[in-house]
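Notes for the one structure printed next.
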Amino acid sequence: MRKWKIALGTAVALGAISVVSVHLLDMGNLRLSGSTAGAATPAPAAFVMPVPVASVVKKTIPIYLDYAARTEPIRSITLQARVPGYLQEQTAQDGADVRQGDLLYKISPDDFQAALDQAKAQVQRDTATLDYARSNLGRGTELAKSGYLAKDGFDQRTSTLREAEASLALNQAAVRTAELNLGYSQIHAPFTGRLGRNQASVGTLVSVAGTVLNTLVQLDPIYVTFNPSETDLADIEQARANGPIEVEVLLPGESGASQKGELTFMDNTVDHSTGTITARATIGNGKFTLLPGQYVRVRLHIKQQPDALMVPQTALGSSQLGKYLYVVGKGNTVDQRLVSLGPTSGDMVAILSGVSEGDQVITGNLQKIGPGMPISPLPQQKPAS
């Protein structure tokens with residue numbers, strides 16, 4: 001009985017300890033929960049968009065007039081024979097670049113050489129006849145003075161001398177003609193240029209000005225022809241009065257000029273149906289980059305515009321109201337400015353109204369910002385030259 005009581009007392013004591021422990025644990029949890037709930041949670045900081053900026057700069061820029069144009073050769077000829085005969089040789093290949101005086105074609109020279117030899121022989125014969133006539137007239141002169149030669153005989157000797165002189169002159173001209181014909185059997189380049197495709201095979205019987213052999217065009221320099229509007233005439237004429245107008249040529253797909261030249265021709269009438277005038281520039285083409293018939297663009301440098309306000313073209317935005325710029329406003333917020341555009345120069349564009357020199361325009365992240373938004377300007381970009 002005593003052992004049972006001791007066991008029962010021990011169980012009761014252990015239960016009391018357990019109850020106290022649970023109570024203390026619950027109180028600790030309550031204190032912990034209360035302290036956590038009472039602490040303030042910090043609000044997240046607002047995100048500020050970093051943006052690249054560039055200053056509006058004032059500079060002098062060139063003013064250009066742009067036109068579509070087409071290249072034309074200064075000289076372009078059809079090569080034809082000046083004497084008939086069989087084509088013996090083509091000495092320059094199709095499409096070859098040749099210099100003035102280069103041999104291009106040969107026509108069989110045998111007939112012309114024979115005609116030249118015959119003419120020279122006739123000259124030799126007439127020279128001998130003339131020498132005899134002169135000697136005969138000299139003797140007749142002495143005989144006529146002494147009365148041994150009648151007047152009629154003296155006149156005959158004089159006439160024979162003149163006939164011999166005329167015959168010699170005639171055959172000397174025949175020699176020159178034969179020499180020319182022999183020279184024409186070789187066709188030389190009349191100017192420096194480029195050959196086209198051969199149109200007469202070796203062995204062809206060519207006729208005078210009837211058989212086309214090839215074409216030859218001059219490539220350096222070359223013409224570029226375009227049609228300015230009559231509204232641009234005043235600016236062009238004013239620029240011409242100040243000196244030669246520089247012309248730049250841009251090939252399709254190019255952003256920079258590949259060749260430069262000078263405006264050398266303006267027509268004397270305006271086409272009433274189109275309101276344009278024909279103009280032409282002469283362009284150096286030493287590398288033969290341009291070929292006749294190409295479509296190109298030309299830019300006429302007509303003047304310099306000082307004090308133009310320039311910004312990068314990447315800073316421009318577009319809306320239903322027109323072109324605009326985002327400018328860094330007070331407190332580093334976005335300020336939207338509607339602007340009027342002027343001429344471009346490289347990757348810069350002139351602004352006619354809407355900004356002032358020194359304003360900082362935003363050049364990037366334009367799709368992620370709007371008027372009034374806070375921004376963080378990045379270190380300023382160096383303006384493009």
Side-chain angles (χ1 to χ4, degrees), residues 31-67 235 246 248-258 260 297-385:
R31 292 190 185 95
L32 183 62
S33 299
S35 63
T36 303
T41 302
F47 176 73
V48 179
M49 176 65 67
V51 292
V53 297
S55 293
V56 178
V57 295
K58 184 179 289 186
K59 60 188 297 187
T60 299
I61 61 172
I63 301 300
Y64 295 96
L65 295 177
D66 290 4
Y67 303 102
D235 291 335
E246 182 184 69
E248 298 179 352
V249 178
L250 291 81
L251 294 174
E254 286 186 341
S255 58
S258 56
K260 295 183 179 181
R297 293 200 63 81
V298 295
R299 296 195 306 181
L300 276 65
H301 182 200
I302 59 170
K303 62 181 179 180
Q304 297 285 109
Q305 178 176 327
D307 299 331
L309 298 177
M310 307 298 293
V311 300
Q313 295 189 48
T314 54
L316 287 174
S318 182
S319 68
Q320 294 179 346
L321 299 178
K323 296 294 184 179
Y324 65 84
L325 291 171
Y326 284 144
V327 180
V328 179
K330 293 182 179 181
N332 284 346
T333 58
V334 177
D335 185 12
Q336 186 180 38
R337 307 270 185 91
L338 294 176
V339 295
S340 299
L341 303 183
T344 60
S345 178
D347 60 354
M348 306 284 283
V349 61
I351 304 299
L352 303 181
S353 64
V355 295
S356 302
E357 184 181 8
D359 285 346
Q360 287 189 318
V361 297
I362 300 171
T363 60
N365 291 333
L366 302 183
Q367 303 300 324
K368 302 177 182 180
I369 59 177
M373 286 183 57
I375 52 172
S376 175
L378 297 175
Q380 183 173 329
Q381 299 175 350
K382 184 179 180 181
S385 58

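Keep in mind the model is a prediction, meaning the values are calculated, not measured.
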Walk me through whether V349 and V311 qualify under side chain to side chain contact (heavy atoms under 4.5 Å, CB included). CA-CA 6 Å; V349 61; V311 300; 3.8 Å; yes

Between L338 and K323, is the side chain to side chain contact (heavy atoms under 4.5 Å, CB included) condition met? List the steps. CA-CA 6 Å; L338 294 176; K323 296 294 184 179; over 6 Å; no

Run the side chain to side chain contact (heavy atoms under 4.5 Å, CB included) check on V355 and L325 step by step: do they pass? CA-CA 9 Å; V355 295; L325 291 171; 3.8 Å; yes

Show your working on salt bridge (Lys or Arg N to Asp or Glu O under 4.0 Å) between D335 and K330 and close with a plain yes or no. CA-CA 8 Å; D335 185 12; K330 293 182 179 181; over 6 Å; no

Stepwise, does the side chain to side chain contact (heavy atoms under 4.5 Å, CB included) test hold for V249 with K260? CA-CA 6 Å; V249 178; K260 295 183 179 181; over 6 Å; no

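Summarising the geometry of P371 relative to Y326, their closest heavy-atom pair is CD-OH, 4.1 Å, with the distance given to 0.1 Å. In terms of heavy-atom proximity, Q304 sits nearest to H301 at OE1-NE2, 2.7 Å. Looking at every heavy atom in both residues, V339 comes nearest to L341 through CG2-CD2, 4.0 Å. The heavy-atom pair separating A315 from T363 by the smallest distance is CB-CG2, 4.0 Å. Contact record, P312 with V361: CD-CG2, 4.5 Å, taken as the closest heavy-atom pair. Contact between A350 and I61 at its shortest, heavy atoms only, is CB-CD1, 4.3 Å.
One N or O on the side chain of Q313 and one on the backbone of G346 form a donor-acceptor pair closer than 3.5 Å. With S319 contributing its side chain and L321 its backbone, the two residues share a donor-acceptor pair below 3.5 Å.
Q305 CD to K59 NZ: the interatomic distance, rounded to the nearest 0.5 Å, is 12.0 Å. Distance CD1/I302 to CD1/I63: 7.0 Å, rounded to 0.5 Å. Taken to the nearest 0.5 Å, the NZ atom of K368 stands 11.0 Å off from the CE atom of M373. Within the model, atoms OG of S376 and CE of M49 stand 10.5 Å from one another, a figure rounded to the nearest 0.5 Å. Of the inter-residue distances, the one linking D66 atom CG with E248 atom CD reads 9.5 Å to the nearest 0.5 angstrom. Note that CD1 of I375 is 9.0 Å distant from CD of Q360, once rounded to the nearest 0.5 Å.
Contact annotation: the side chain of P377 approaches that of N332 to within less than 4.5 Å [non-hydrogen atoms, C-beta and beyond]. In this structure, M310 and I351 have side chains that are not in contact, with every pair of non-hydrogen atoms separated by 4.5 Å or more. Looking only at side-chain heavy atoms (C-beta outward), V51 and L378 stay at 4.5 Å or farther from each other.
Within a 6.0 Å radius of CD in Q367, no more than 12 heavy atoms belonging to other residues, nucleotides or ligands are found.
Checked for salt-bridge contact, R337 and D359 meet the test: a charged N lies under 4.0 Å from a carboxylate O.
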